[in-house]
Amino acid sequence: MSALAVTAVLLTGIPAVAAKPGQPNIVFLLVDDLGIKDLSCYGSEFHESPNIDQLASQGICFTNAYASHPTCGPSRTGIVTGKFPARMNLLTNTGAVRNGEMLWPKVLQQHGYATYFLGKWHMGNANSVFDNGFDVNIAGCGVGQPSDYYFPYKSDIKKCDVPDMEDGKPGDYLTDALTDKALKLLDGNGDKPFLLYFSYFNVHKPAISNAQGKKEHVESFNRKLESMPQVDLTLKEVVRGGHKVQSVPAQRNPEFAGQIKALDDSVGRIMQKLDELGIADNTIVVLTSDQGSMCTSRKGVSTAAPYRFGKGFLFEGGIRVPLIVKWPGHMTPGTTNPTVTINTDIYPTMMDILGLPKRNQQHMDGISIVETFEGTTMRFNRTFYWAFPQNHALGHRPSLAIRRGPYKLIYWPENGVTELYDVESDISESVDLSRQKSELAAELLKGLKAWKPASTVLAKFE
């Protein structure tokens with residue numbers, strides 16, 4: 001038995017299964033706070049993402065992908081468990097993996113995969129990374145973001161050590177340093193199938209500022225701004241659900257654009273390494289975000305327009321995310337797909353891709369979307385639920401939401417306000433249909449309240 005297999009037995013108590021010859025490698029790239037309109041391949045006219053654009057040209061861009069929560073920790077937990085966060089009582093912005101959950105990285109580990117984690121975990125402490133399926137953990141812990149993106153990645157404002165990154169030097173940018181370590185893991189992997197789960201701290205803001213791009217990129221975007229037409233960047237204030245909300249009207253922040261460019265450089269280096277190692281054709285690459293745009297409140301640095309608002313809110317801008325999948329030889333490259341999907345679908349999709357048995361009681365809130373790889377648009381005939389019954393620093397007040405068919409209802413339990421939108425024909429959520437279609441609104445609200453996790457939450461507001 002290999003050293004990896006012995007490790008898997010010791011960590012899980014379940015005998016490891018040898019990987020099947022030729023099983024594909026998985027590179028899973030999870031970006032923090034990357035909105036649906038933050039990449040040039042998704043329509044940004046200010047941010048630059050040539051390497052991610054190239055990745056999109058080699059695979060499929062999904063145009064109707066959702067996060068399972070509008071903040072990072074719960075959404076990340078939804079990705080790895082296949083369950084809506086409220087089902088696991090994750091109702092704040094903190095993630096956690098409960099005892100008894102079988103994460104899909106752990107399934108891969110048990111089937112002979114080398115499993116590497118780098119970056120932001122935010123679902124428990126560093127030990128929980130190992131407990132849940134990873135052989136290697138670099139930087140993963142309960143911290144949501146560093147204090148500073150430059151070494152030593154902490155500041156006087158908030159001490160925030162990033163584990164296993166102490167070997168840096170002044171001038172090192174965290175995204176670059178993590179990428180260096182990712183490339184070393186790939187170089188040393190040998191011929192084992194692997195999962196590289198690279199969970200970026202970017203493009204979340206660091207504690208010291210609203211955004212902190214890599215210096216040379218920021219300088220470049222400052223020069224770019226000089227040649228662009230000026231726009232009114234006054235914060236727009238509107239009332240939603242009886243609450244005043246502010247959001248940024250345009251993408252014009254050089255620091256945030258610099259963060260995205262550093263992300264894009266990292267993706268380019270990883271893709272180049274796969275080519276150098278001769279394994280690109282046998283590697284599936286997935287890139288997505290944990291929640292929507294950083295456009296809300298006075299800390300906003302981007303916009304999701306024409307989608308409404310951003311991170312922290314259950315409007316489309318807060319839960320619509322980029323999703324790009326590349327699987328050479330198994331899909332038509334350079335295509336888009338309008339299938340409505342959510343990040344709990346990643347788990348069963350991985351099981352299908354690898355030919356592993358489904359775990360329906362585990363990923364109960366997800367379905368496989370493998371058939372979309374053949375160009376099929378899957379019919380949306382299920383119900384999505386979101387619950388965020390907490391205040392958030394970005395201006396959010398407690399809300400829950402349900403989507404069924406083209407309609408999404410948002411419910412604000414503090415004041416009993418409901419809003420109903422046709423999010424297929426009105427992606428900006430500009431026309432509230434709750435009075436015009438009062439019977440439908442009542443039906444959806446009844447369905448939301450009948451969903452057990454929501455009913456438990458709503459009891460606190462009655």
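Index from 1, following the sequence. Heavy atoms only: backbone and side chains are in, while hydrogens, waters and symmetry mates are out.
Taking the six-membered ring where the residue is Trp, the centroids of W386 and F84 are separated by 6.0 Å or more. For Y197 and F134, the distance between ring centers is under 6.0 angstrom. Here the two rings, on F384 and F380, have centers that are under 6.0 Å apart.
Contacts of N25 classified as side chain to side chain contact (heavy atoms under 4.5 Å, CB included), with partners at least two apart in sequence or in another chain: P193, F194, I279, N282, T283. Take T376 and apply the side chain to side chain contact (heavy atoms under 4.5 Å, CB included) test, not counting sequence neighbours, and it matches E371. Residues that satisfy the side chain to side chain contact (heavy atoms under 4.5 Å, CB included) test with V136, not counting sequence neighbours, are Y116, I138, L185.
Under a 4.0 Å N-O distance rule, the pair D290/R76 qualifies as a salt bridge. Comment: K154 does not engage D148 in a salt bridge, judged by the lack of any side-chain N to carboxylate O separation of less than 4.0 angstrom. Salt-bridge annotation for R223 and E226: absent, with no side-chain N of the basic residue lying under 4.0 Å from a carboxylate O of the acidic one. At a threshold of 4.0 Å, the pair D176-K214 counts as salt-bridged, since one of the basic side-chain nitrogens sits closer than that to a carboxylate oxygen. K184 has no carboxylate O lying under 4.0 Å from a charged side-chain N of D180, or vice versa, which leaves the two without a salt bridge. Using a cutoff of 4.0 Å between basic side-chain nitrogens and carboxylate oxygens, R403 and E424 are scored as salt-bridged. Ion pairing of K169 with D172 is present here, as a side-chain N (NZ or NE/NH1/NH2) and a carboxylate O approach within less than 4.0 Å.
Judged purely by distance below 3.5 Å, without hydrogens or angles, the side chains of S128 and N132 never pair a donor atom with an acceptor atom. Side chain to side chain, R404 and T383 meet the donor-acceptor criterion of an N or O pair below 3.5 Å. In summary, the side chains of S199 and W121 do not present any donor paired with an acceptor at a separation below 3.5 Å, with no hydrogens or angles considered. Looking at Q362 and E101, their side chains do bring a donor and an acceptor atom within 3.5 Å of each other. With no hydrogens or angles considered, a side-chain donor-acceptor pair links S368 and D352 at under 3.5 Å. Between the side chains of T349 and D345, not a single donor N or O lies within less than 3.5 Å of an accepting N or O. Looking only at atom types and distance, the side chain of D265 has a donor-acceptor partner in the side chain of H217 under 3.5 Å away. Using modelled atom types and a 3.5 Å distance limit, the side chains of N210 and E255 yield no donor-acceptor pair. S44 and D38 form no side-chain donor-acceptor contact under 3.5 Å, judged by distance and modelled atom types alone. Side-chain N/O atoms of S266 and Y200 include a donor and acceptor closer than 3.5 Å.
For the pairing with F28, the ring pair (Phe, Tyr, Trp, His ring centres under 6.0 Å) check across W104, Y347, Y113, F198 returns one residue only, W104.
Aromatic ring orientation, Y150 versus Y173: perpendicular (interplanar angle above 60°, classes split at 30° and 60°).
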> Checking side-chain hydrogen bond (donor to acceptor under 3.5 Å, both in side chains) for the pair D264/S49: CA distance, chi angles, key distance, verdict?
Replying inline: CA-CA 5 Å; D264 186 73; S49 52; 4.7 Å; no

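Among residue pairs with one or both ends in residues 311-337, those qualifying as salt bridge (charged side-chain N to carboxylate O under 4.0 Å, His left out) are D33-K311, E316-R320, E316-K408; sequence neighbours excluded. For residues 30-56, every residue pair satisfying the ring-ring contact (aromatic ring centres under 6.0 Å, His included) rule, not counting sequence neighbours, is listed here: F46-F221, H47-F256.
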Expected list for residues 88-97: side-chain donor-acceptor pairs under 3.5 angstrom, two or more places apart:
{"residue": "T92", "atom": "OG1", "partner": "T94", "partner atom": "N", "Å": "3.3"}

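S75 places no side-chain N or O within donor-acceptor distance of the main-chain N or O of C72, the cut-off being under 3.5 Å. Formation of a donor-acceptor pair under 3.5 Å by the D135 side chain with backbone atoms of T115 is found in this model.
In this structure, OH on Y66 lies 12.5 Å from CG on N343, to the nearest 0.5 angstrom.
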